[in-house]
Amino acid sequence: VEEVMHFLDRSGRARVVATAGDDRQLAEAVRQLEPEVVVAEPALLDARPAAGVVLALDTRESVGSLRAAIRAGASGYFVWPAEREELVGATAAAVREARRSAGRATVAAVHGGRGGVGVTFVATHLAAALARRGSVILLDLDPVFADVAHALDAPTVDGERPLHTLADAVALGEDLGPQQLEAALWEHASGVRLFLPPAPEEAVGLDPDALEPVVEASCSAVDAVVLHLPRGLDPITSTFAARSDRLVEVLALDVGSFRGASRALEALTPLHLGDRIGFVVNNAVRSDVTVGDVDRVFGRPPVAVLPSERSVRAAGERGRLVPARSRMARRFDRLAEALAPHPAGAPEHSSEDL
């Protein structure tokens, strides 16, 4: 039992909220906590716990065990430890589906294998594209540098602290409810909402446990959440890359960028990101490294190619986004659609091919 619990927790794709030793404890835990997934031995499932998804797990396959799983309405049956990778995959898929059904936000994390590839540019413009489709929160999980606030020309703490910051939201922890969340957010003219960066001394001490309630509250409040991940491969990056629905890896067309991305993805291999990774080529220019090399090196073509444009550099220097009707913005509309397809009945936006 401890092996299963620790394996699921360490995967980063599921969080164990309770354990049970018998069917009564299981039923009570489900009633109180309303988990999205229950993983249990078939012998504990006779009471058919009223959970969204039930996955049966046993140390060996037998007719009796399979029949008990079928009677309980289990969505999957796994043998431990031989099928542990399949178990974590099914668990993560069930969690994502449950959250979509409950109207929870689509989470897109944006990362770059090395500095200078344009992670902040992609994160801010992707958030703006998602804001044209619905509500969105952009979370800068690298607040020491405050790159997101600078890119959006957001106000920063200057000593008097007239505005709330990310540190104020973190301080509330599990008490961060919808009203407190709304009061803590600053809204950009594009409709993107974000937490203003805290003072540097407050930002240094932030860790995944402190940020988790803020991310969870954000996911419950809007249609989409964009996570601007730190430059390095620290615990914040690995934790929230694992929790995201899509990881956007930003590349430049040079060997250093490809090497950095390869090393980053190799380090993130234990998170089983698989098809959730999408590559975006930013600031594409003619070079010895081509767009086609993305497929050859990483095994899949990029989901978007963003050409080098002087207007983009000019906007960035002024702390502005590119205009919503520009060709570049339309490329981000297409990227947003690829990462978070429109729900039925939602309005479409015209855009050109990538």
Side-chain angles (χ1 to χ4, degrees), residues 12-15 17 34 36 92 95-111 119-120 122-144 146-149 151-152 154-155 163-198 202-203 206-230 235-248 276 336 339-340 343:
R13 301 176 66 185
R15 182 164 59 94
V17 295
E34 299 181 352
E36 292 153 328
V95 169
R96 290 197 299 272
E97 183 58 36
R99 290 179 174 179
R100 280 194 291 267
S101 300
R104 289 175 61 86
T106 297
V107 181
V110 185
H111 179 259
V119 171
T120 303
V122 172
T124 52
H125 284 80
L126 173 59
L130 290 166
R132 292 191 283 272
R133 301 151 43 92
S135 55
V136 62
I137 291 175
L138 171 57
L139 268 166
D140 189 353
L141 299 184
D142 195 12
V144 173
D147 288 339
V148 167
L152 297 178
L163 300 168
H164 291 293
T165 71
L166 176 61
D168 298 320
V170 167
L172 291 172
E174 300 293 343
D175 295 326
L176 181 62
Q179 291 183 337
Q180 295 90 339
L181 180 74
E182 189 66 30
L185 291 166
W186 176 81
E187 184 168 342
H188 184 259
S190 64
V192 175
R193 290 186 288 171
L194 63 146
F195 296 97
L196 298 177
E202 295 176 313
L206 295 179
D207 58 28
D209 290 339
L211 291 166
E212 180 74 31
V214 179
V215 175
E216 283 297 307
S218 300
C219 290
S220 300
V222 292
D223 300 318
V225 172
V226 177
L227 304 178
H228 179 273
L229 295 180
I236 290 177
T237 297
S238 57
T239 296
F240 294 106
R243 299 285 172 85
S244 64
D245 296 302
R246 297 298 299 270
L247 174 65
V248 178
R276 288 186 290 145
L339 298 177

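From a predicted model like this one, the values you see are computed outputs, not experimental measurements. Numbers here are sequence positions counted from 1.
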When every non-hydrogen atom of Ala183 is compared with those of His164, the smallest separation belongs to O-CD2, 3.4 Å

What heavy-atom pair brings Ala105 and Val225 nearest, and what distance separates the two atoms? CB-CG2, 3.9 Å

In short, Ala127 meets Val136 closest at the heavy-atom pair O-CG1, 3.4 Å

Distance (rounded to the nearest 0.5 Å) between Asp207 CG and Thr239 OG1: 9.0 Å

Test item: Arg276 and Leu247 side chains (from C-beta on) under 4.5 Å apart, heavy atoms: no

Distance check, rounded to the nearest 0.5 Å: Asp140 atom CG versus Leu194 atom CG? 8.5 Å

Kindly determine whether Glu212 and Phe240 satisfy side-chain contact (heavy atoms from CB on, under 4.5 Å), including the steps that lead there. CA-CA 9 Å; Glu212 180 74 31; Phe240 294 106; 3.6 Å; yes

Which residue is it: Leu227, Leu139, Val215? I am looking for the one with a side chain to side chain contact (heavy atoms under 4.5 Å, CB included) to Val107. Leu227

What distance do Leu141 atom CG and Leu206 atom CG have between them, rounded to the nearest 0.5 Å? 9.0 Å

Verdict with reasoning, Leu130 to Leu138, per side-chain contact (heavy atoms from CB on, under 4.5 Å): CA-CA 10 Å; Leu130 290 166; Leu138 171 57; over 6 Å; no

One pair to check against side-chain contact (heavy atoms from CB on, under 4.5 Å): Thr124 and Val192. What are the steps and the verdict? CA-CA 8 Å; Thr124 52; Val192 175; over 6 Å; no

For His111, ring pair (Phe, Tyr, Trp, His ring centres under 6.0 Å) partners two or more places apart: none

Evaluate the side-chain proximity of Ser218 to Phe195: yes if any heavy-atom separation is below 4.5 Å, no if none is. yes

Hey, does the side chain of Asp223 reach the backbone of Ser135 with a donor-acceptor pair shorter than 3.5 angstrom? yes

From Ile137 CD1 over to Leu185 CG, what is the distance, rounded to the nearest 0.5 angstrom? 4.5 Å

Spacing of CG belonging to Leu181 relative to OG belonging to Ser220, to within rounding of 0.5 Å: 9.0 Å

What's the spacing between Thr106 OG1 and Arg246 CZ if we round to 0.5 Å? 10.5 Å

Would you mind listing every side chain to side chain donor-acceptor pair (under 3.5 Å) that reaches into residues 175-187, with sequence neighbours excluded? Glu182-Arg193

Quick one: are Leu211 and Val170 in side-chain contact, heavy atoms under 4.5 Å? yes

Specify the closest pair of heavy atoms between Leu166 and Pro198, including all atoms of both residues, with the distance to one decimal. CB-CD, 4.1 Å

Yes or no on side-chain contact (heavy atoms from CB on, under 4.5 Å) for Asp147 and Val119, after CA distance, side-chain angles and deciding distance? CA-CA 10 Å; Asp147 288 339; Val119 171; over 6 Å; no

Measure across Val144 and Ala203 and return the closest heavy-atom pair with its distance rounded to 0.1 Å. CG2-CB, 3.8 Å

Taking every heavy atom of Pro213 against every heavy atom of Gly173, the minimum-distance pair comes out as CB-O, 3.5 Å

